Amino acid sequence: MNLKRKRKALPYIFLVPAIVIIIMIFAIPLFNLLWYSFAKVDLIGNFNSWAGFNNYKYLVTETFTKTLGRTMIWVVCGIAGIFLVGTILALALNKPIPGRGFFRTVVIIPWVIPHVFAGTMWSWVLNSTNGIVNTLLLDLGLIKEPISFLGAELALATVIFIRIWKGVPFLVMSLLSALQTIPAEVEEAAKLDGALGWKYFWHITLPLLRPVMVMSGTILMAWSFTIFDLVYVITGGGPLNATELLSITIYKKAFINGDMGGASAIAIFTMLFVSVIAFFLMKRNSKEAD
Amino acid sequence: MKKRLLAMLLCAAMVLSMAACSSGGAESDKEEKTEDSGGKKEITVLRLGDITKAEPIFAPIMDSYTKDNPDTTVNFEAMAWDEAKTKLKLLGAQSELPEVMFINIINGWDLASSGYLSDLSDLFKEDASLSADIPQSIIDVATTEDGKMYWIPSATGAFGVWYNKEYFKQAGLDPNSPPKTVEEMISMAKTITEKTGVPGLGWGITATEDFANITESFYSSYTGVDIWSDADKKFTFEDNKEYRKLFAEVLEEFAKITNDYGITQANSIEQNPFGIRTLFRDGEVAMYLDGVWAVKELKEELDKGEGSKFNTGLFPAGPAGSHPILGCDGWAIPEECKDKDEAWKMVQHLMSSENQTRHASEWGLLPILESEKGIDEFSGEYWNALVEQLDTVSARPKDKNVAMIEQAIADGAQAAATRKMTPDEAIDFMIETVHSNYVE
Amino acid sequence: MKRKRRNKTIRDYIVRYFVIIVWVVIALLPIYTAFITSLTPFEKLGERMLYPKYFAWENYAEVVAQTPMWEYLKASVIYAVGTSIFTIIISILAAYALSRFRFRFKVAFMMLIVAIQVIPQIVIVTPLYGLSNSTGLYDTYIVVVLAMVASAIANPILLLKGFFDSISSTLEEAAAVDGCTRLGALVKIILPISLPAVTTAFALSFFTGWDAYLYPMILTSSPGKVSMTVGLSRMKDIVTPWNWIMSGTIIAIIPPILIYLIAQKYLIGGLTAGSDK
């Protein structure tokens, strides 16, 4: 009996440190977030007046639904790109190749560059008057007019590309370590069965990578919703709102408009939205694993 | 073996980081103790910006203050612009703002409306020599409609035209007469573009504070009034048909400059003033709108003195004259300051002709005191227009929501400039946005 | 037959090198631009350049002399290392519980940790500022580290759970028969197999700590406590010395990579020596 109870308590014991630190840091903010969203509150949380559901009214405006749609494009395209590039790279780097150690190190560099400066670097790279990419293309005679990477038409695609740049190293690393945990016997057995190349990848490697991929995808998803400085530094959400994402709206509401209530309402919406997506991602995975 | 090593490493690192934390705590305790034991007066002066830039400029100013007031200990601190927005408010809420602090417009009106700043207008008027030394136009910009002054202007700059004399010569224009009006600026830019092939006007319309400031400057030059009324808490064009019509003309002009005239460099929509500045420096545009802030970046050429190819002109006049906005930051004293006399004494010290000159010239700002004019630090022909401009400036919104209002102005003006909205739609957009986001 | 296989290997190499090099070029493009900028004198910033035209190495000397660069880096390393060590230990335990046990609030817990990541940091940091002021913890390492751990913890937990899920539980069952406790099984059986994953989780939390901006910005002020990101950003002004900031950024790329390499060597080095595929 005692043993049984102990068994039942065991998972909770393992979770205690995580729960303690989460409660310690997040209890007050979570509570604040909730009441802020029903009030007029300034940047540092000074109460002004109650607002009822006024802060939530913004969530049904056309501006907001457009932003939400744009954010979904940003999240989905970003993750798809990260998975495509990341998987190819991880496979290319998995087996021995001269210089592998060096390349594995170089691959993670985008991850190391702080978001605050990465945005500035990219805006210089892509600038239409003095950016290195346009200069090179013009010098080579490949284009006649500079490409306006940050103009209204291309800006969203450009920042998605930069998101992929920043996110790929994480996926490459987690896939590489997942590939390392695949026992050598599996591959040998597969070889004996004649399963090689694409077939091997599809039927043997991919299913083994699956749990890690789902979790990495979940992480990248939540992460994409929160990134703002990278984009804000480059475009400020513009031109003409072309790159205005949820995270940027939250930032602008809080820091520029000094309207923490409005920012909180959007943040709460984003939290619910992200948890629902995460729920389906993880639910599906655990069902298929069972 | 490996595993044990790993475990040891982990433990060691954990202990180390713990030790580092606790030693940090101990240090700050110590500091507090020394503060308590000192019987002397203590005053903290805060400049916004980078400490490595501020320290060498202000160290001698602080030293001379302690020489005159041996009973006072002066701490000089700096706070980065990025950090000021949250940190100043947090300090204000805790009644811990430093005795004398440098305030910029974006934070200033916000702090003032929260009641964290003292109204300095009486002290300022009492100091006859100081109030006589600052031009009325600047005092107006720093004073609210009900006569309150929360900071003494110290760091200012206004927009003007920077132009390249070489291209003026090549195009057959007089290199000593920059455009006086908006039409002249455009026609000169056309001539230069045609004759030299170099874009006559550098033009950037990213929806930033800078573009909002340029829009405000055009508006005031067309109408003769500030864009925002702090008494009514709304745009001055909101209820005035004439101003609204003039503003629509401004926005239509923006659209023409951006799309029709063919006088600007490519892709204005992704250009910000920083980009234009370097383009101008490298001779890739012949004119652009900027203020004293460009001096540091153009220094190499400007230091050639007479032979320099860069010069400035007044902001191009509209129907109502040349009235660019004034960036106006300065020294404030918190409402809860315990020793306001001491703090005011420090402000007076900072505003003395000698110290103000040191501050302005080293930081790259304009001389605002009448007693500073014509001295060596600000000689060179490009200073003339920059300084003359100070007499006809207009004000940015004097409102705690200034950042939001200017974002709305920039967004609307950008939409109009790219013809995504008609001028009328853009104006309605600005009014509408400010209405729905205004925080009382 | 043999030749055919060799041709195939060569073709394989070419394809892989092509993929890798294309990525390396893209990955390094902004760093290359930053490097050029770091060698440009202030008066020439923004000039159009394909390769460095100026070699103002003094920018590096100046940024080190003018700013407390080493102090910034020290603080950043402390934040990153502190964050990653706490995070790793806590998340290994939590991920193990989530992967190996069935219990009631499992899904709820996972959704919660995904959701709290989305909370804007400004909402978290303002009450922490008040709290740290009243407890005397303002401007100490521990506050920033704790805040970072809490915000960074979700991802490593999820990642490690993914890894643990893919490890068959038969090994542990054998260990349990041998009388091992669950914790013992975790340490002796699971961890050694999943060390590569632990490295990734380490990197994940390490770089999150390295990237910290708003927390150290609001919760610290003295040079020894201010992180590199905040310290370098302080130079932003109406006229920003980007040549210095970029020199600083280039310097700041080196420590995290070194630390990552060391961690990787220790964590993976011995383990995969025999089974490197």
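Throughout, a chain's letter reflects where its sequence line sits, starting with A, and its residues are numbered from 1. Keep in mind it's a predicted model, so treat the numbers as computed, not measured.
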How far does [atom1] of [X] sit from [atom2] of [Y], to the nearest 0.5 angstrom?
{"X": "C/Met217", "Y": "B/Lys85", "atom1": "CE", "atom2": "NZ", "answer": "11.0 Å"}
{"X": "B/Leu90", "Y": "C/Ile218", "atom1": "CG", "atom2": "CD1", "answer": "6.0 Å"}
{"X": "C/Ser221", "Y": "B/Glu77", "atom1": "OG", "atom2": "CD", "answer": "7.5 Å"}

Count the heavy-atom pairs under 4.5 Å between each of [options] and chain C, then report the option with the highest count.
{"options": "B/Lys296, B/Lys299, B/Met79, B/Gln94", "value": "B/Gln94"}
{"options": "B/Thr52, B/Val295, B/Thr86, B/Leu298", "value": "B/Thr52"}
{"options": "B/Lys53, B/Glu300, B/Arg281", "value": "B/Arg281"}

Which region of [X], side chain (C-beta onward) or backbone (N, CA, C, O), has a non-hydrogen atom less than 4.5 Å from a non-hydrogen atom of chain B, or is it both or neither?
{"X": "C/Tyr79", "answer": "neither"}
{"X": "C/Ser134", "answer": "neither"}
{"X": "C/Ile122", "answer": "side chain"}

Exercise. Quick one: list whatever passes ring pair (Phe, Tyr, Trp, His ring centres under 6.0 Å) with B/Phe378, sequence neighbours left out.
Key: B/Trp383
Quiz item: Can you check side chain to side chain contact (heavy atoms under 4.5 Å, CB included) on B/Lys87 and C/Tyr129, steps first, answer last?
Solution: CA-CA 10 Å; B/Lys87 274 194 170 174; C/Tyr129 174 84; 5.8 Å; no
Self-check item: Neighbour count above 12 (heavy atom, 6.0 Å) for C/Tyr51 OH
Solution: no
Throw together a table of side-chain donor-acceptor distances under 3.5 angstrom for residues 230-239 of chain C, partners on residues two or more places apart or in other chains.
unit_1   : atom_1 : unit_2   : atom_2 : d
C/Ser233 : OG     : C/Thr229 : O      : 2.8
C/Arg234 : NE     : B/Glu83  : OE2    : 2.8
C/Arg234 : NH2    : B/Glu83  : OE1    : 3.2
C/Asp237 : OD1    : B/Trp81  : NE1    : 3.0
C/Asp237 : OD2    : B/Trp81  : NE1    : 3.3

Practice problem: Heavy atoms only, distances under 4.5 angstrom: which of C/Thr67, C/Val125, C/Asn133 has the most pairs with chain B? Name it, please. | Solution: C/Asn133
Quiz item: Charged N to carboxylate O below 4.0 Å: is that the case for C/Arg48 and B/Glu284?
Solution: yes
Quiz item: What part of B/Asp82 gets closer than 4.5 Å to chain C, counting heavy atoms only: side chain, backbone, both or neither?
Solution: both
